[in-house]
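Structure record follows, encoded as structure tokens.
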Amino acid sequence: MSRRLLERGFFARHALDVAPDLLGCVVRHDGPDGPVAVRLTEVEAYAGTADPGSHARMGPTARNAPMFGPPGHLYVYFTYGMHWCANLVCSPDGEASAVLLRAGEVVEGVELAHHRRPAARTSRDLARGPARLASALGLGREHDADDVCAGGPVVVLPGPEGSAGRVRTGPRVGVAGAGGDAGAFPWRYRLDGESTVSAYRPAKPRRRPSA
DNA sequence: CCGGTGATGGACT
DNA sequence: GTCCATCACCGGA
């Protein structure tokens with residue numbers, strides 16, 4: 001009864017076009033301990049080397065290399081000294097863009113997800129936030145650059161229900177400049193009425209500007 | 001519910 | 001040395 005996967009052409013578009021279509025779709029990782037699947041309720045687009053919030057803004061490096069590769073692959077990165085976050089690479093090969101998986105609802109493997117995230121008190125908190133989502137799915141360094149269109153352990157499936165009419169947009173979360181030029185375009189997409197959507201917080205400067 | 005803050009390590013200037 | 005596409009936990013309302 002395996003549902004058809006999203007094909008590479010789906011991802012070979014601008015991240016701003018892919019992002020809203022990804023809402024309601026399901027990311028599934030069939031790992032060594034069993035499967036966990038998450039229905040996406042919140043994503044963010046990172047588009048091109050000119051995007052000041054993107055890891056690709058300084059050009060290709062060892063870390064962001066998957067972003068410059070073919071679409072339909074994962075870009076998994078490590079941040080804040082302890083968290084992994086997962087993106088889906090978009091755009092044609094050579095053009096750096098990606099969609100960050102920010103939040104979702106665990107629709108399969110709830111027990112395993114709780115085992116991976118003991119701090120989550122409710123199932124709602126299992127994948128509420130990008131690092132939580134990656135952790136619940138069991139995604140880490142070993143999945144960086146994995147192909148999600150090849151029937152491997154990580155796949156993306158069409159959503160069970162249409163999300164038309166429920167897509168909302170807003171500024172990105174935790175990105176410096178999101179309220180300025182980078183916030184001119186709505187790059188954060190979420191499904192209205194979903195309790196798993198993460199709370200919006202503007203990026204907080206670490207060092208105060210001189211008084 | 002909310003806001004404030006420490007933890008912690010790799011990438012990059 | 002500085003900057004993080006963050007989270008968990010704490011205290012207050």
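The shown structure was predicted, so the numbers you read here are calculated from the model rather than taken from an experiment.
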inquiry  = Can you tell me which nucleotide in C/dC7, B/dA11, C/dT6 comes closest to the side chain of A/C85?
reply    = C/dT6
Pairs of donor and acceptor atoms involving the side chains of residues 129-138 of chain A, under 3.5 Å and at least two apart or interchain, shall be tabulated with distances.
| residue | atom | partner | partner atom | Å |
| --- | --- | --- | --- | --- |
| A/R132 | NH1 | A/R128 | O | 2.8 |

ask   = Just to confirm, is there a sub-4.0 Å distance from OP1 or OP2 of C/dC7 to any side-chain nitrogen or oxygen of A/H83?
value = no
Salt bridge A/R166-A/D192, side-chain N to carboxylate O under 4.0 Å = no
remark   = Whole-Å distance, A/W84 CH2 to C/dC4 C1', equals 15 Å
ask   = Under 4.0 Å between a side-chain N or O of A/R128 and OP1 or OP2 of C/dC7?
value = no
key: Those residues that, when tested against A/H73, pass ring-ring contact (aromatic ring centres under 6.0 Å, His included) (two or more places apart)   = none
inquiry  = Using only atom types and a distance under 3.5 Å, with no angle test, would you say the side chain of A/D144 pairs donor to acceptor with the backbone of A/V76?
reply    = yes
A/Y80 over C/dC4, stacked by centroid distance under 5.5 Å, angle under 30° = yes
key: Between P of C/dA8 and CZ of A/R124, the distance in whole Å   = 13 Å
Euclidean distance, atom CG of residue A/N64 to atom C1' of B/dT13 [Å, nearest integer] = 15 Å
query = Does C/dT6 have OP1 or OP2 sitting under 4.0 Å from an N or O in the side chain of A/R102?
reply = yes
Strand DNA chain C in bracket notation, Watson-Crick/G-U under 3.5 Å with | for pairs to another chain = ||||.|||||||.
task = Go through the N and O atoms of the side chain of A/Y77 and the base of B/dA11, and report whether any donor-acceptor pair is under 3.5 Å.
result = no
key: N/O (side chain, A/T79) to phosphate O (OP1/OP2, B/dG9) under 4.0 Å   = no
remark   = Separation of C/dC4 atom P from A/F78 atom CZ, nearest Å, is 17 Å
request  = Using whole Å, report how far CG of A/N87 lies from P of C/dT6.
outcome  = 11 Å
Over-ring placement of A/R172 relative to A/Y46, 6.0 Å and 45° cut-offs = yes
task = Starting from P on C/dC4, measure out to CZ on A/R172 and report it in whole angstrom.
result = 13 Å
query = Taking the nucleotide of DNA chain B with the closest heavy atom to each, which residue, A/R141 or A/M82, is nearer the 5' end?
reply = A/M82
query = Does A/N87 use its side chain to pair, donor to acceptor, with the backbone of A/A98 at less than 3.5 Å?
reply = no
request  = Send over the distance from A/L139 CG to C/dA5 C1', rounded to a whole Å.
outcome  = 16 Å
inquiry  = Let me check something: do A/V36 and A/V155 share a hydrophobic cluster, defined by ILVMFWY side-chain heavy atoms less than 4.5 Å apart, either directly or through other members?
reply    = no
ask   = What class does the angle between the rings of A/F78 and A/W84 fall in, given that below 30° is parallel, 30 to 60° is tilted and above 60° is perpendicular?
value = tilted
task = Under 4.0 Å between any heavy atoms, over every strand shown, what does A/R117 touch: base, sugar-phosphate, or nothing? Just pick one.
result = sugar-phosphate
key: Whole-Å distance separating the CE atom of A/M67 from the P atom of B/dA11   = 16 Å
task = Output yes when at least one side-chain N/O atom of A/R132 is less than 4.0 Å from OP1 or OP2 of C/dA8, else no.
result = yes
